[in-house]
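Heads up: the structure comes next, in structure tokens.
Chain letters run A, B, ... following the sequence lines, proteins first and then strands; every chain starts at 1. Bear in mind the structure is a predicted one, so any value in this text is a computation, not a measurement.
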Amino acid sequence: MRGVPAKFNMKEALSLLIQECKSMRELKQIHSKIITTSPYMTHKDHHFLLSRLLFFCAFSRSGSLAYAVSLFRSFKDPNLFSYNTMIRSFSSIKERMVTSLSPFRLYKRMLASGIQPDNLTFPFLFKSCTIKHEPNTGKTIHTHVIKLGLDSDVFVCNTMIYMYSMCGLSDIALQVLNGMTQRNIVSWNSILIGYLRCGELDQALSMFCDMKERNTITWNSIITGLVQGGRPMESLKIFHEMQRSKDVEPDKVTIASVVSACSYLGALDQGRWVHGYLERQGLKADMVIQTALIDMYGKCGCLERAVEVFNEMPRKDVLAWTAMISAFADHGLTKNAFGLLGEMERQGTKPNHVTFVALLSACAHAVQVDSGRRCFDLMRRVYGIDPLVHHYACLVDLLGRAGLFEEAEELIKSMPMKPDEFVWGALLGSCRMHGNVELGEKIAGYLISLDPQNHAFYVVLSDIYAKAKQFEGVKRVRKLMCERGIQKTVPGCSLIEVDGQIHEFSVRGSAESVKEEIKWLLNILTIELKFAGYVPDINEEF
DNA sequence: ATAGGGTTAG
């Protein structure tokens, strides 16, 4: 410290130390140094160092948010930088917080103490609005942006656009977009993603076609959006178009979505191809891709490959475990599924509500009533997971399949929430299975009154009558459907992959090229099933 | 500083 003003030296040195800090231990040492040297510093410098320390604590990999919070709480008058740090820290948390640390409370406190927010404050406030789905809070903050003249900032505007479009307010999003003096690709992508998230897929597609500039995120967003929106076939088409386009290269995100598209389609060859493509591109499968691969191989009936990918994983989170569990469940391997539940617990991963949906549906498909009841209990008592409607639907499905109608109805009555159409639908399906006309009529009547335009419930009711040979009933349902103008708009269809080509086939007919091959395949399957001792339930077919 | 990925059910 010789020859240089101590004040200057101290601040610079400590600031450098913070930047290079590698652990919390080091950080605490620096913290105490800042405190002990504070008499030799100006207040401003002291505050500067503490706020840098806070920033490091909040965002560095070796930092600690808990320590950041305690640091922040020790500040008497946090500066703008510290407020921004805290708002950013909590902007990605979905739960509505009761503490003073919610971004909105921090923002209010900041305004109350006379500090003016800046262009770095707003993006994170809008992010918080997006995550919590609070467009009205967002609108209020939007007015502050205008008052402060920050409505020309690209970052601020883009996060506003994203918020509005994700909340389904694409009109306002477009207004913001049109008012911008300079837009960039993020502005357009934000609108596009909003459309996709709100299920306006055609709107998104038409915008995608009109876009002059498209980056990887644009392509990935549309591919993912189509898969999640239940149009995986189109997403594969866009993926192939992406490969042909010169200006972008598929990345890990693309691969994850495409693998996911393949599992929806049962497109094993395409899925395998993407798996190979990933390696050819020199990309390594990360946890997300591996999980998608497990799901894909599982859904395509290739359990061995699913297990292989699973065993190769160095790290597994709940989603990975759950994907493997449901692959076992889909293959009727209830024991393996439950075995994995124990294994995941031993390895320190807690199952979540999705894991239990997978387990319960495994029990339902295998009609293992005792396992199902025990599983439901286990979930509540041991894992402290409150059952959601989905879980009740699985259990109702199981009890119904087992013909335990009274218990199923009792369970529905005991539900803490309103049973939805899936819960009743599960029981209705069981009525069809067991020929329970009386209960079936009651449930179908109720479901039809809820959603008179949905053809599905009429069809099941008609099946129930047909199975009981009550053809008057069948006629009544058909007449009702005619009167109400209800048609089965989209015929049920299945997908089959032949030589890497995906074909749709349905009762209404299929492409000639694959028809013969499908017939041939079905014949073989029927013969093999007979050998295995399977007796088809032809009562269902009328 | 802002935008994109994986698990369940029907």
Note to self: Ignoring hydrogens and geometry beyond distance, is a side-chain donor-acceptor pair present between A:Asn158 and A:Asp153 at under 3.5 Å?
What the structure shows: no

Item checked: Polar pair under 3.5 Å, donor/acceptor by atom type, side chain A:Asp317, base B:dG6 ->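 Indeed there is one.
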
Check: Is a donor-acceptor pair below 3.5 Å formed from side chain A:Ser257 to base B:dG5, judging by atom type as modelled?
Finding: no

Separation of [N] [atom2] from [X] [atom1] (nearest whole Å):
X: A:Lys299; N: B:dG10; atom1: NZ; atom2: P; answer: 11 Å
X: A:Ile191; N: B:dA3; atom1: CD1; atom2: P; answer: 15 Å
X: A:Gln182; N: B:dT2; atom1: CD; atom2: C1'; answer: 14 Å
X: A:Tyr264; N: B:dA9; atom1: OH; atom2: C1'; answer: 11 Å
X: A:Leu226; N: B:dG5; atom1: CG; atom2: P; answer: 13 Å
X: A:Asp295; N: B:dG5; atom1: CG; atom2: C1'; answer: 13 Å
X: A:Ile222; N: B:dA3; atom1: CD1; atom2: P; answer: 18 Å
X: A:Arg315; N: B:dT7; atom1: CZ; atom2: C1'; answer: 16 Å

Note to self: Among A:Phe126, A:Tyr107, A:Phe122, which residue satisfies the ring pair (Phe, Tyr, Trp, His ring centres under 6.0 Å) criterion with A:His144?
What the structure shows: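 Checked A:Phe126, A:Tyr107, A:Phe122 against A:His144; only one passes ring pair (Phe, Tyr, Trp, His ring centres under 6.0 Å): A:Tyr107.
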
Notebook entry, point to check: Which atoms form the tightest heavy-atom contact between A:Cys300 and A:Gly266, and what is the distance?
Noted result: SG-C, 3.5 Å

Check: Does OP1 or OP2 of B:dG6 have a side-chain N or O of A:Gln228 closer than 4.0 Å?
Finding: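 Answer is yes, contact under 4.0 Å.
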
Next item on the list: Kindly point out which of B:dA3, B:dT2, B:dG6 is positioned nearest to the side chain of A:Phe155?
Entry: B:dT2

Next item on the list: Looking only at side-chain atoms of A:Asn352, point me to the closest of B:dG6, B:dT7, B:dA1.
Entry: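 The answer is B:dT7, which lies nearest to the side chain.
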
